[in-house]
Amino acid sequence: MKNNENKLSHDTKGELSGVLVVVEHVGAEVSPSSLQLTGKGRELADQINKKLMTVLIGENEESLNKMTADLISHGADIVYISQHKELAEYTTLPYVRVVADLIKDIKPEIVLFSASTSGRDMAPRIAARIQTGLTADCTNLVIDDFDDPISKNKYQKVLFQIRPAFGGDVMATIVSPDHYPQMATVRRNVFEVPPEDKSRKGEIIKFESNITGPDLCLSIEEIIRQTKKTVDLKKARIIVSGGRGLYKQSEKGFKLIKELADLLGGEVGASRGAVDSGWIDHGHQVGQTGQTVKPEVYIACGISGAVQHIAGMSGAKMIIAINKDSNASIFRYADYGLTEDVFEVLPKMIEYLKKEKNIEN
Amino acid sequence: MIVLVKQVPDPSKKVGMTEQGTVDRTKSLPIMNPFDAFALEAALSIKDKYGGKITVLSMGPPKADEVLREAITLGADEGVLLSDRKMAASDTLATAFTLSKAIEKIGDFSFIFCGMQAIDGDTAQVGPQIAERLNIPQVTFVEEINFNEDMTATFKRVIEGGHEIVKSNLPITECPMLITITNTAKKPRLPKITGKFKAKKAKIPVWGVKDIEPDENQHDKFGMSGSPTRVKKIERPNSGKEPCRVMEDGNVEEKIESLMEHSKINSLSTD
Ligand SMILES: Cc1cc2nc3c(=O)[nH]c(=O)nc-3n(C[C@H](O)[C@H](O)[C@H](O)COP(=O)(O)OP(=O)(O)OC[C@H]3O[C@@H](n4cnc5c(N)ncnc54)[C@H](O)[C@@H]3O)c2cc1C
């Protein structure tokens with residue numbers, strides 16, 4: 001192996017500290033995805049017999065303290081805190097500086113990030129700074145032994161990072177056996193939030209990073225959140241969702257969707273395409289930046305099936321797609337399909353269901 | 001401006017796999033990564049308004065010069081292809097290293113544009129890793145760019161539950177950066193006949209490892225040896241999934257009827 005200052009060989013692995021989870025939060029609330037990662041991180045840390053560490057980054061002392069307690073009660077052994085006025089909102093370079101400095105200092109064996117728009121913004125940059133591997137948008141993490149068929153090296157207790165590729169056509173297992181830390185961004189809602197144990201004890205360590213002028217070349221001017229009211233789609237057994245395919249008469253389209261959903265005893269969902277067009281509130285959005293749903297039946301109306309949408313609904317037991325383009329990706333995931341105009345299908349489907357109900361009554 | 005483009009297998013065709021579990025690129029007709037078309041459009045819009053030169057850069061097999069020609073058809077000025085066996089089997093870190101070496105050779109730029117991710121790997125990692133290696137700021141998942149009077153820029157970025165407006169504190173002429181563009185940004189334009197002509201004539205240099213002049217200690221940063229991650233296994237989880245049953249017989253009413261009968265959603269909603 002050639003000399004590489006950042007590279008740790010597996011012989012020195014024993015000296016590495018444990019699992020580090022990079023925590024995201026909105027205000028004083030740890031985001032659910034970070035609590036889920038804390039749960040999974042706890043499991044992985046136990047399997048490698050090491051500590052679970054979390055890092056909290058922010059500005060407000062009171063919120064940081066509250067969240068520290070939440071992290072410990074959800075499984076963290078150590079909470080590292082970086083508090084700075086420039087860290088109030090996520091911006092790339094200051095956050096990268098803080099996390100990369102911490103990693104260099106504490107040398108974790110595994111680092112986990114949420115696969116959010118900030119996690120996927122900072123993690124690759126941190127991996128490049130540390131010169132280690134990174135796997136994007138994992139849907140499972142497993143500790144297992146790896147026998148390298150090429151070098152014939154045997155590695156014990158490596159992190160298997162499992163993720164969909166080619167729009168979910170295939171699942172790939174990625175390993176990074178010669179580089180530490182092993183890093184991954186992890187899709188939310190693939191792991192459960194662990195049960196809380198308020199009696200758990202943990203250590204709190206504050207640290208400072210030297211955030212320099214060039215780190216501050218970009219600033220956040222405004223954050224626009226579109227959610228008025230979140231509709232809880234997680235418990236819905238049936239979801240009827242509308243997308244940009246309703247553009248011809250969006251208002252009528254969503255009325256039809258609501259009517260169908262009501263008839264089926266279900267809820268209304270939407271693609272980001274429909275939300276960004278202003279036809280429906282973000283509280284209905286399904287997908288990577290919306291909700292993750294697992295209904296019995298998911299009916300996608302005029303939705304193309306972008307990976308970011310699929311990420312939120314592929315757990316549905318049955319997927320029905322109505323899209324007039326027979327090449328739309330949604331048909332790769334659907335069980336049943338109609339390649340017709342939604343505006344023709346929806347009224348007729350509603351009519352059909354109404355008739356059925358009358359016969360039953 | 002530099003725009004990074006990648007040739008990817010056409011997703012509307014099934015991906016072929018070799019016995020080794022890697023993608024069989026010979027089996028699928030490649031296209032320009034759809035996200036990169038949005039990145040190119042972002043650069044072209046700036047060029048329309050403010051002028052400037054657009055260089056498109058791709059790393060891939062020799063055949064990937066097709067995507068560069070496609071970009072030239074749409075209005076890019078020149079293309080460079082990175083192609084070398086030594087670059088094969090690169091993960092995102094090695095890819096970013098290779099592309100950043102080529103960018104250093106191309107020289108001055110005010111923006112590097114990339115698609116937010118490539119539809120084959122979906123990692124969204126190469127852009128930020130290039131920015132880190134070049135030591136320039138990045139703004140990812142950008143949907144809209146606006147320039148202010150003092151030539152600072154504002155970027156509308158897609159985030160959870162909405163958008164975020166990011167502002168550059170320096171004029172863009174003083175602060176080169178890397179931007180990744182979403183598929184929710186301005187729609188790519190259609191090609192012009194004159195562009196096709198230009199693209200056909202364009203000479204596209206092909207650079208190998210030695211052309212991008214790695215330092216002595218950088219030779220192990222390319223391809224497999226520069227890639228910390230390894231693909232251990234690839235599986236088709238959906239191989240068990242039945243293909244979608246599209247209702248094909250009869251008129252719309254009849255199709256709905258058979259959909260309802262097959263899917264039995266009606267019984268589910270009433271129990
Ligand atoms: C960082 C990031 C996060 C994102 N997060 C999400 C997310 O959480 N959720 C999400 O959904 N998206 C998300 N997106 C956006 C995603 O990439 C797609 O742009 C979006 O899902 C497209 O929405 P759509 O399918 O409604 O629209 P389109 O892709 O425009 O598809 C419309 C479909 O309707 C069909 N159609 C048109 N007319 C008709 C008709 N009359 N009858 C039947 N069919 C018709 C068309 O054939 C087409 O397939 C995200 C993007 C980014 C960059």
Side-chain angles (χ1 to χ4, degrees), chain A residues 2 92-93 116-117 120-121 124-125 127-129 132-137 146 165-167 169-176 179 217-227 238 264-265 276 282 289 296-297 307 318 320 327 329 331 334-340 344-345 348-349 352-353 356, chain B residues 11-12 15 91-93 96 119-125 128-129 131-133 137-141 154 158-170 175 184 220 228-238 242 244-247 252-253 255-257 259-260 262-263 265-266 268-269:
Chain A
K2 290 223 187 71
T92 311
L93 293 174
S116 61
T117 54
R120 294 184 78 174
D121 183 70
R125 198 154 180 144
R129 191 164 295 182
T132 191
L134 173 68
T135 306
D137 204 19
F146 172 58
F166 294 97
D169 257 10
V170 299
M171 292 300 277
T173 302
I174 313 286
V175 291
S176 167
H179 290 71
C217 60
L218 293 168
S219 48
I220 304 291
E221 203 164 66
E222 196 187 349
I223 292 180
I224 311 153
R225 303 235 186 242
Q226 283 146 342
T227 314
I238 298 185
L264 292 169
D276 281 352
H282 176 269
T289 47
E296 303 278 327
V297 183
V307 266
M318 183 196 293
I320 298 176
N327 278 326
S329 337
F331 291 113
D335 301 292
Y336 297 99
L338 284 177
T339 48
E340 300 285 343
E344 196 177 348
V345 172
K348 290 184 172 152
M349 222 157 148
Y352 176 95
L353 285 169
E356 286 270 293
Chain B
S12 60
V15 185
D91 73 356
T92 65
L93 194 69
I119 56 163
D120 48 358
D122 280 325
T123 73
Q125 289 177 182
Q129 296 192 318
E132 171 65 21
R133 163 81 184 99
Q138 71 192 43
V139 190
T140 54
F141 307 118
T154 47
V158 174
I159 58 164
E160 284 68 21
H163 290 96
E164 179 177 87
I165 310 294
V166 178
K167 186 173 178 297
S168 73
N169 298 326
L170 287 171
C175 180
T184 48
D220 61 350
T229 61
R230 297 262 306 275
V231 178
K232 184 188 167 279
K233 189 168 72 177
I234 287 202
E235 284 172 314
R236 274 189 184 280
N238 280 345
E242 305 255 329
C244 180
R245 287 184 61 172
V246 176
M247 305 301 142
V252 178
E253 280 85 354
K255 286 181 187 174
I256 290 175
E257 213 174 301
L259 174 71
M260 291 299 189
H262 284 297
S263 66
I265 45 176
N266 202 14
L268 189 88
S269 66

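Lettering of chains follows the sequences in order, A, B, ..., and the numbering in each one begins at 1. Because the structure is predicted, anything quoted here is derived from the model rather than measured. Worth knowing before you read on, the calculation uses all heavy atoms, side chains too, and leaves out hydrogens, waters and symmetry mates.
- For the set Lys255(B), Gln129(B), Glu132(B), the count of heavy-atom pairs under 4.5 angstrom toward chain A peaks at Glu132(B).
- Contact of the Thr140(B) side chain with the Arg120(A) side chain is not registered, since no non-hydrogen atoms from C-beta on lie closer than 4.5 Å.
- For the pair Asp335(A)/Ser263(B), no side-chain contact is recorded, criterion being any heavy-atom separation below 4.5 Å from C-beta on.
- Interface remark: of the candidates Ile223(A), Leu134(A), Thr92(A), Leu134(A) forms the most heavy-atom pairs closer than 4.5 Å to chain B.
- For a residue to count as touching a neighbouring chain, one of its non-hydrogen atoms must lie under 4.5 Å from one of that chain's; by this rule Leu93(A) touches chain B with the side chain only.
- Heavy-atom distances place both the backbone and the side chain of Arg230(B) under 4.5 Å from chain A.
- When each of Thr92(B), Thr184(B), Val246(B) is checked for heavy-atom pairs under 4.5 Å with chain A, Val246(B) comes out on top.
- Proximity to chain B is limited to the backbone of Thr132(A), based on heavy atoms less than 4.5 angstrom apart.
- Residues His262(B) and Arg245(B) are in side-chain contact: their nearest non-hydrogen atoms beyond the backbone lie under 4.5 Å apart.
- Within the 4.5 Å cutoff, the side chain of Ser219(A) has no heavy atoms near those of the Val166(B) side chain.
- Ranked by heavy-atom pairs shorter than 4.5 Å toward chain A, the options Ile159(B), Asp91(B), Val139(B) are led by Ile159(B).
- Most heavy-atom pairs under 4.5 Å with chain A, from the set Cys175(B), Cys244(B), Ala131(B), Gly162(B): that is Cys244(B).
- Here the side chains of Gln125(B) and Leu93(B) are not in contact, with every heavy-atom distance at 4.5 Å or above.
- Each of Glu164(B), Glu257(B), Lys232(B) has some count of heavy-atom pairs under 4.5 Å with chain A, and the biggest count is that of Lys232(B).
- Judged purely by distance below 3.5 Å, without hydrogens or angles, the side chains of Glu160(B) and Thr117(A) pair a donor atom with an acceptor atom.
- Only the backbone of Ile119(B) comes within less than 4.5 Å of a heavy atom in chain A; its side chain stays farther off.
- A donor-acceptor pair under 3.5 Å is absent between the side-chain atoms of Glu222(A) and the main chain of Ile165(B), judged by distance alone.
- For Ala96(B), no part sits under 4.5 Å from any heavy atom of chain A, backbone or side chain.
- Looking only at heavy-atom pairs under 4.5 Å with chain B, the residue among Val297(A), Val345(A), Thr289(A), Asp137(A) that has the most is Thr289(A).
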